[in-house]
Amino acid sequence: MLWLARASSPDLSGNTGIGPYNYVPSRDVGIAFVALFAISTVAHIVQAVRFRMWWLFPTAVFCGVFELVGWSARLYSSANPRALVPFEIQISATITGPTPLIAANFVILEYIIKTLGPRYSRLSPKLYTILFCSSDAVSLTIQGVGGAVAAIAAGNGKNPTTGSTIMLAGIIMQMVAITLFVIFSSEFLLRYVYDRPLKLPADDLERHQAIAYQLGMDPRMKLSLYAMGFSTTCLFIRAIYRTVELTDGWNGKIISTQLYFNVLDGGMVALAIFTLNIFHPGFLILPIQRRFHPLDATPSYGKA
């Protein structure tokens, strides 16, 4: 798709002739990432069913499937580097795939707030999920539209710059959402650590949480917070890389350097998705929430 546009546009004449990537994708790296994302995706399906956390399907599982498709296309390209269809597939899949994984962190924050105490939060727990997941959905849509515009332009032998600009807007919106997520979650955690609630306990559950605060944070909750922070950092690094890549252009040095993509895209997403597998909320947060559940009239974590 994009290679055709390069071939027909003077400003894209820097193509090396190797193919649309400007390099031959590594077969070994492709096999490694296909295997990793397949393992993680299957594990997420099992964990979602085991803990009845159905929201993991449109988030972590969706991400895993798209990454698996994208890296399978790159693996195919390792033997057929000039083929356009797998190049188009991997561009679309790896651009949009990680976006739903970010939404998983948004959902996890809601239940961390519910467990530690909503009185430390500026917004209600549910409102965090609604706002951030909605922005995530809009970002995903923008990136998808950008990919479609680029594909149509390339199909007509035109420059796909407009499509890439739309995709860039979607990724920038994603970065803004992550930044706001970090700001709000940091404020909540600081208020919790220094015991600076925004309001007094409103019911028996919050009074129970206030007493539990005196006993210190559960080690499992600390692990959950560290894992969420690490995963968010990985996805933010990946978003920065993609922003710089698209800004540099389809024939720029960044998109033409395989190592950058392998480490800053594939590597960051793999770390983030496996972090959720290993430090799973079903293992770490669900047992803590169940301790408070008899006092809470809201649905349990697993039913969210």
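Computed from a predicted model, the values in this text were never measured in an experiment. Every heavy atom of this structure was used, including side-chain atoms; hydrogens, water molecules and symmetry mates were not.
Residues Ser121 and Tyr128 have side chains that bring a donor and an acceptor to within less than 3.5 angstrom of each other. In this structure, a donor-acceptor pair under 3.5 Å is absent between the side chains of Gln143 and Thr96. In summary, the side chains of Gln174 and Asp136 do not present any donor paired with an acceptor at a separation below 3.5 Å, with no hydrogens or angles considered.
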- Query: Yes or no on side-chain contact (heavy atoms from CB on, under 4.5 Å) for Ile108 and Phe279, after CA distance, side-chain angles and deciding distance?
  - Reply: CA-CA 12 Å; Ile108 290 172; Phe279 301 97; over 6 Å; no
- Under the side-chain contact (heavy atoms from CB on, under 4.5 Å) criterion, do Ile112 and Phe188 qualify, and how do the steps go? CA-CA 10 Å; Ile112 288 176; Phe188 166 77; 4.3 Å; yes
- Message: Let's go through Val269 and Cys234 carefully: what are the C-alpha distance in whole Å and the side-chain angles of both, what is the deciding distance for side-chain contact (heavy atoms from CB on, under 4.5 Å) to 0.1 Å, and is it a yes or a no?
- Response: CA-CA 7 Å; Val269 178; Cys234 290; over 6 Å; no
- Determine, step by step, whether Ile178 and Asn105 satisfy the side-chain contact (heavy atoms from CB on, under 4.5 Å) criterion, reporting the C-alpha distance in whole Å, the side-chain angles of both residues, the deciding distance to 0.1 Å, and the verdict. CA-CA 10 Å; Ile178 295 175; Asn105 283 339; over 6 Å; no
- Does the pair Phe283 and Phe51 meet the rule for a ring pair (Phe, Tyr, Trp, His ring centres under 6.0 Å), with working shown? CA-CA 9 Å; Phe283 299 134; Phe51 296 110; 5.1 Å; yes
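Checked against the 6.0 Å centroid criterion, the rings of Trp71 and Phe261 qualify as a close aromatic pair.
The side-chain heavy atoms of Leu271 and Phe230, taken from C-beta on, include a pair separated by under 4.5 Å. Looking at Leu264 and Leu259, their side chains never come closer than 4.5 Å, going by heavy atoms from C-beta outward. Counting heavy atoms from C-beta on, the side chains of Ile142 and Met167 never come closer than 4.5 Å. Here the side chains of Pro197 and Arg191 are not in contact, with every heavy-atom distance at 4.5 Å or above. Side-chain contact between Ser139 and Ile171 is absent, with no heavy-atom pair separated by less than 4.5 Å.
Atom CD1 of residue Ile91 and atom CZ of residue Arg74 lie 8.0 Å apart, to the nearest 0.5 angstrom. Taking CG of Asn262 as the start and CD of Gln258 as the end, the distance is 4.5 Å to the nearest 0.5 Å. A distance of 4.0 Å separates CD in Glu245 from CD1 in Ile255, rounded to the nearest 0.5 Å. Between Thr99 atom OG1 and Ile95 atom CD1 the span is 8.5 Å, to the nearest 0.5 Å.
Across all their heavy atoms, Met175 and Ala239 have their closest contact at CG-CB, 3.5 Å. The minimum heavy-atom distance linking Ala43 with Asn277 is given by the pair CB-ND2, 3.5 Å. Taking both residues in full, the closest heavy atoms of Ser77 and Pro86 are given as OG-CB, 3.6 Å, listed atom of the first, atom of the second, then distance. Smallest separation of non-hydrogen atoms from Ile113 and Pro125: CG2-CG, 3.6 Å. In this structure, Pro287 and Arg220 approach most closely via the heavy-atom pair CB-NH1, 3.4 Å. Considering every non-hydrogen atom in both Tyr23 and Ser256, the closest pair reads CD2-O, 3.2 Å.
A side-chain donor-acceptor contact under 3.5 Å links His44 to the backbone of Ile273. Of the possible polar contacts, one joining the Ser72 side chain to the Leu68 backbone as a donor-acceptor pair under 3.5 Å is found. The main-chain N or O of Leu198 is never found under 3.5 Å from a side-chain atom of Arg119 such that the two would form a donor-acceptor pair. Formation of a donor-acceptor pair under 3.5 Å by the Ser185 side chain with backbone atoms of Val182 is found in this model. A donor-acceptor pair under 3.5 Å is formed between the side chain of Ser78 and the backbone N or O of Leu75. In this structure, the side chain of Asp248 engages the main chain of Lys253 through a donor-acceptor pair within 3.5 Å. For Thr257 (side chain) and Tyr260 (main-chain N/O), no donor-acceptor pair under 3.5 Å exists by modelled atom type. A side-chain donor-acceptor contact under 3.5 Å links Thr59 to the backbone of Leu56. Of the possible donor and acceptor atoms, none in the side chain of Ser231 sits under 3.5 Å from a partner among the backbone N and O of Ala227. Put simply, the side chain of Ser40 never gets that close to the backbone of Leu36: no donor and acceptor are under 3.5 Å apart.
Using a 4.5 Å cut-off between side-chain heavy atoms of Ile, Leu, Val, Met, Phe, Trp and Tyr, with links allowed through other members, Met53 and Ile278 fall into the same hydrophobic cluster.
Within 6.0 Å of atom CZ in Phe57, more than 12 heavy atoms from other residues, nucleotides or ligands are found, so the atom counts as buried in its surroundings. At most 12 non-hydrogen atoms from other residues, nucleotides or ligands lie less than 6.0 angstrom from OH of Tyr76.
Phe106 and Phe132 have tilted rings, their planes meeting at an angle from 30° to 60° on a 0 to 90° scale. Classification of the Tyr21-Phe87 ring pair by plane angle, with boundaries at 30° and 60°, yields perpendicular.
A salt bridge links Asp265 with Arg242: at least one charged nitrogen is closer than 4.0 Å to a carboxylate oxygen.
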